[in-house]
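Presented below is the structure to which this report refers.
Just follow the structure's listing: the first ligand is 1, and inside any ligand the first atom is 1.
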Amino acid sequence: MSVNKHDLVVIGAGPGGYVAAIRAAQLGLNTACIEYEPALGGTCLRVGCIPSKALLEASERYHEAKDGLGEFGIKVENVGLDLPKMLGRKDEIVEGLTSGVALLFNKNKVTRYSGRGRIVARGLVSVSGSAGGSGSAGGSGTDNVEIEAKHILIATGSKAAGLRGVEFDDAVGTSTEALSYSEVPKKLVVIGAGVIGLEMGSVWSRLGSQVVVLEYLDRILPGMDLQLAKDAQRVLAKQGLEFKLGVKVTGVRKQGDRRIVEVEGGEGVECDKVLVAVGRIPNTDGLGLEEVGVHKNERGFVIVDEHFHTNVPGIYAIGDVIGGAMLAHKAEEEGIACVETIVTGYGHVNYDAIPSVVYTHPEIASVGKTEEQLKAAGIAYKKGIFPFKPNGRARALNATEGKVKILADAETDRILGAHILGAHAGDLLAELAVAIEFGASAEDVARSSHAHPSLSEVIKEAALAVDNRALHM
Ligand code: FAD
Ligand code: NAD
């Protein structure tokens with residue numbers, strides 16, 4: 001077996017790993033990245049963020065063409081669904097972006113190895129057997145190699161969690177299957193009212209499925225602002241999603257082609273597809289962590305310090321595999337901070353300024369602390385809330401649902417959190433994430449000029465409302 005030498009080897013080419021590899025190469029490290037799947041880009045590009053957003057956009061356009069254009073005075077007849085084409089478009093977008101990562105590796109001189117990475121010892125990683133890819137290792141065409149590197153970065157991400165009593169089969173699956181159903185299910189049961197449940201539930205509901213969402217807790221979207229989560233539930237229910245909260249799923253029974261989702265103390269729900277979306281678990285199988293002594297917590301996440309260093313010198317970890325918010329951009333920031341610390345001695349992630357967006361219609365977006373978190377921490381705060389309804393652009397867009405909520409420190413006025421339910425909430429939120437990063441006050445945002453007519457004026461009004469001086473209410 002040949003032994004190749006690099007300064008840094010990254011295991012996993014998801015948004016955490018591939019971005020870390022590029023940044024490390026920019027900083028002058030001789031960098032390698034090992035990926036098991038034939039395509040680069042990880043969960044996010046292959047079976048996560050990108051394909052789900054492609055289907056959310058396509059299904060929203062279908063739904064709008066079918067039922068939403070009349071109000072604009074546009075008559076549309078015979079709107080039809082070409083599902084294979086819709087799925088094909090999604091696959092093309094994924095293909096374009098994943099092959100783009102390969103180009104970025106070439107441009108930045110990151111050496112790509114195809115196969116499964118395993119940490120054999122400190123400073124030594126083996127690569128074996130790819131999942132069916134080109135088999136190119138370091139561009140030299142062999143699979144089984146060992147890599148010597150002073151620094152090893154674990155960026156192996158996560159996989160869908162299963163549920164006790166629920167076996168996966170051709171009708172019961174995860175988000176990966178729900179991104180490619182070949183027919184619109186007549187009835188879809190989604191287990192879990194988290195981000196995946198709401199996004200994929202919305203996709204199939206818009207395309208014609210009857211969707212029932214079963215959630216264990218008494219609320220949807222745990223962790224997000226409670227008031228906006230309740231508003232979102234009301235809006236999504238109006239769109240046709242049926243929510244059953246406080247429900248414990250005990251199993252799924254086969255009845256011919258149909259499935260019965262059994263729940264504790266209630267009647268089972270019959271359907272033809274089941275999407276299990278109850279969270280994700282770290283991906284550390286066969287990575288050699290036990291052998292080299294890398295510590296994991298009780299839920300299996302790799303434990304790191306504030307510089308993403310594990311307990312073993314020279315071994316670092318970032319992204320979904322270390323837990324926290326399972327978000328692509330959080331993984332990216334951690335990857336960058338980790339390699340910058342390795343090279344420059346300094347790197348930092350401000351977790352209070354990491355935005356989070358649910359791409360339903362309208363979108364639900366959040367950054368910083370929620371009211372619930374501030375109350376629990378005993379932090380005194382002021383809040384400003386402003387609805388989209390009076391906003392001129394929102395009316396022109398026929399998108400008046402929702403509101404912006406800004407939370408600011410009661411004494412200093414510094415923005416501590418911001419939460420938006422509304423059209424383009426994810427894009428609008430960027431301003432408030434930057435405001436938090438810069439330590440801005442609500443008054444700073446309120447005094448900044450916002451274009452008219454634009455949805456961003458709702459943010460300005462919410463910032464004014466923190467000081468009880470909104471203008472258009
Ligand atoms: P991953 O993206 O999981 O990448 C890890 C990579 O490591 C994988 O490619 C895997 O094949 C590889 N790997 C694992 N073990 C080995 C090994 N031993 N050797 C070699 N390679 C290995 N986040 C957002 O921010 N926005 C969204 O809109 C969004 N939508 C999502 C939609 C869905 C349906 C799902 C499932 C997730 C979504 N996410 C979204 C979450 C996002 O995908 C993850 O947070 C992100 O991909 C984590 O990045 P990562 O680099 O840590 O891990
Ligand atoms: P999640 O943690 O967002 O939601 C899981 C939901 O399932 C929770 O509401 C939880 O209470 C519920 N649940 C857990 N066990 C249950 C049970 N036995 N019965 C019924 N309900 C149960 O997880 P997810 O939706 O699977 O998404 C996984 C990760 O992927 C998330 O961390 C999310 O951040 C990420 N993701 C992000 C985006 C985005 O940023 N737009 C999109 C999709 C996924």
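Using a 4.0 Å heavy-atom cutoff, R46 is listed among the residues neighbouring ligand 1. The shortest separation from a heavy atom of R280 to ligand 1 is under 4.0 Å, placing the residue in contact. Not a single heavy atom of G286 sits closer than 4.0 Å to an atom of ligand 1. Not a single heavy atom of I50 sits less than 4.0 Å from an atom of ligand 1.
The closest non-hydrogen atom to atom 21 (N) of ligand 1, taken over Y36, Y18, Y113, comes from Y36. Counting only non-hydrogen atoms, the option in C44, A325, G48 that gets closest to atom 43 (O) of ligand 1 is C44. Summarising the contacts of atom 3 (O) of ligand 1 with I154, V358, T43, the nearest heavy atom is found in T43. Residue P15 holds the heavy atom nearest to atom 46 (C) of ligand 1 of all those in G324, G288, P15.
The aromatic rings of Y113 and H6 sit perpendicular to each other, their planes meeting at more than 60°, with 30° as the lower class boundary.
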I'd like a table of the close N/O pairs between ligand 2 and the protein (anything under 3.5 Å), one pair per line with both atom names and the distance.
unit_1: ligand 2; atom_1: 3 (O); unit_2: V195; atom_2: N; d: 3.3
unit_1: ligand 2; atom_1: 9 (O); unit_2: E215; atom_2: OE1; d: 2.6
unit_1: ligand 2; atom_1: 9 (O); unit_2: E215; atom_2: OE2; d: 3.3
unit_1: ligand 2; atom_1: 11 (O); unit_2: E215; atom_2: OE2; d: 2.6
unit_1: ligand 2; atom_1: 21 (N); unit_2: Y216; atom_2: N; d: 3.2
unit_1: ligand 2; atom_1: 23 (O); unit_2: G279; atom_2: N; d: 3.4
unit_1: ligand 2; atom_1: 25 (O); unit_2: V195; atom_2: N; d: 3.3
unit_1: ligand 2; atom_1: 25 (O); unit_2: I196; atom_2: N; d: 2.9
unit_1: ligand 2; atom_1: 26 (O); unit_2: G279; atom_2: N; d: 2.9
unit_1: ligand 2; atom_1: 34 (O); unit_2: M326; atom_2: O; d: 3.1
unit_1: ligand 2; atom_1: 40 (O); unit_2: V357; atom_2: O; d: 3.4
unit_1: ligand 2; atom_1: 41 (N); unit_2: E199; atom_2: OE2; d: 2.9
unit_1: ligand 2; atom_1: 41 (N); unit_2: V357; atom_2: O; d: 2.7

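Counting only heavy atoms of the protein, atom 38 (C) of ligand 1 lies nearest to C49 N, 3.9 Å. Of the protein's heavy atoms, G157 CA, 3.1 Å lies nearest to atom 53 (O) of ligand 1. Remark: minimum distance from atom 15 (N) of ligand 1 to any protein heavy atom is reached at T156 CG2, 3.3 Å. Here the heavy atom of the protein found nearest to atom 24 (C) of ligand 1 is A328 N, 3.5 Å. Closest protein heavy atom to atom 18 (N) of ligand 1: G117 O, 3.1 Å. Closest protein heavy atom to atom 9 (O) of ligand 1: E35 OE1, 2.7 Å. Protein heavy atom closest to atom 28 (O) of ligand 1, with residue, atom name and distance, is K53 NZ, 2.7 Å. Nearest protein neighbour of atom 4 (O) of ligand 1, counting heavy atoms only, is G14 CA, 3.4 Å.
I354 places a side-chain heavy atom less than 4.5 Å from the side chain of V349. Contact annotation: the side chain of S456 approaches that of L428 to within less than 4.5 Å [non-hydrogen atoms, C-beta and beyond]. Residues I34 and V10 fail the side-chain proximity criterion, which asks for heavy atoms closer than 4.5 Å.
Here D170 pairs with R259 under the side chain to side chain donor-acceptor pair (under 3.5 Å) rule; sequence neighbours left out. Remark: H309 pairs with Y316 by the ring pair (Phe, Tyr, Trp, His ring centres under 6.0 Å) rule, at least two apart or across chains. Looking at residues two or more places apart in sequence or on another chain, you find no ring pair (Phe, Tyr, Trp, His ring centres under 6.0 Å) involving F301.
At a cut-off of 3.5 Å, with distance as the only test, no side-chain donor of K330 or S356 sits close to an acceptor on the other residue.
Residue contacts with ligand 1 for V47 involve N, CA, C or O but no side-chain atom from C-beta outward (heavy atoms, distance under 4.0 Å).
Within a 6.0 Å sphere centred on OH of Y216, heavy atoms belonging to other residues, nucleotides or ligands number 12 at most.
Close approach of ligand 1 to G115 is summarised as follows: ligand atoms under 4.0 Å from at least one heavy atom of the residue are 19 (N), 20 (C). Near N283, meaning under 4.0 Å from one of its heavy atoms, ligand 1 places the atoms 14 (C). Here is the list of ligand 1 atoms found below 4.0 Å of a heavy atom in R116: 18 (N), 19 (N). Proximity to G42 (heavy-atom distance under 4.0 Å) selects the following atoms of ligand 1: 2 (O), 4 (O), 8 (C), 9 (O). Of all atoms in ligand 1, listed by their number and element, those nearer than 4.0 Å to a heavy atom of I11 are 17 (C), 19 (N), 20 (C). The distance from ligand 1 to the heavy atoms of A155 drops below 4.0 Å at these ligand atoms: 5 (C), 6 (C), 7 (O). Of all atoms in ligand 1, listed by their number and element, those nearer than 4.0 Å to a heavy atom of H329 are 25 (O). Against a heavy-atom cut-off of under 4.0 Å, L287 is close to the following atoms of ligand 1: 18 (N).
Between E35 and R112, none of the side-chain N atoms (NZ, or NE/NH1/NH2) sits under 4.0 Å from a carboxylate O, so this pair counts as no salt bridge. Contact check on R23 versus E332 returns no salt bridge, with no Lys/Arg side-chain nitrogen under 4.0 Å from an Asp/Glu carboxylate oxygen. For K273 and E177, the salt-bridge test fails: no basic side-chain N is under 4.0 Å from an acidic carboxylate O.
Side chain of T370 to main chain of Q373: a donor-acceptor pair is present (N/O by atom type, distance under 3.5 Å, no hydrogens or angles). Here the side chain of Q239 pairs a donor or acceptor atom with the backbone of H361 at under 3.5 angstrom. Looking at E334, its side chain never comes within 3.5 Å of a backbone N or O of A331 through a donor-acceptor pair. Side-chain atoms of K296 never come within 3.5 Å of backbone atoms of T284 as a donor-acceptor pair (strictly under, hydrogens ignored).
Across all non-hydrogen atoms, the minimal contact from A423 to L455 is O-CD1, 3.7 Å. When all heavy atoms of R46 and L40 are compared, the closest pair comes out as CG-O, 4.4 Å.
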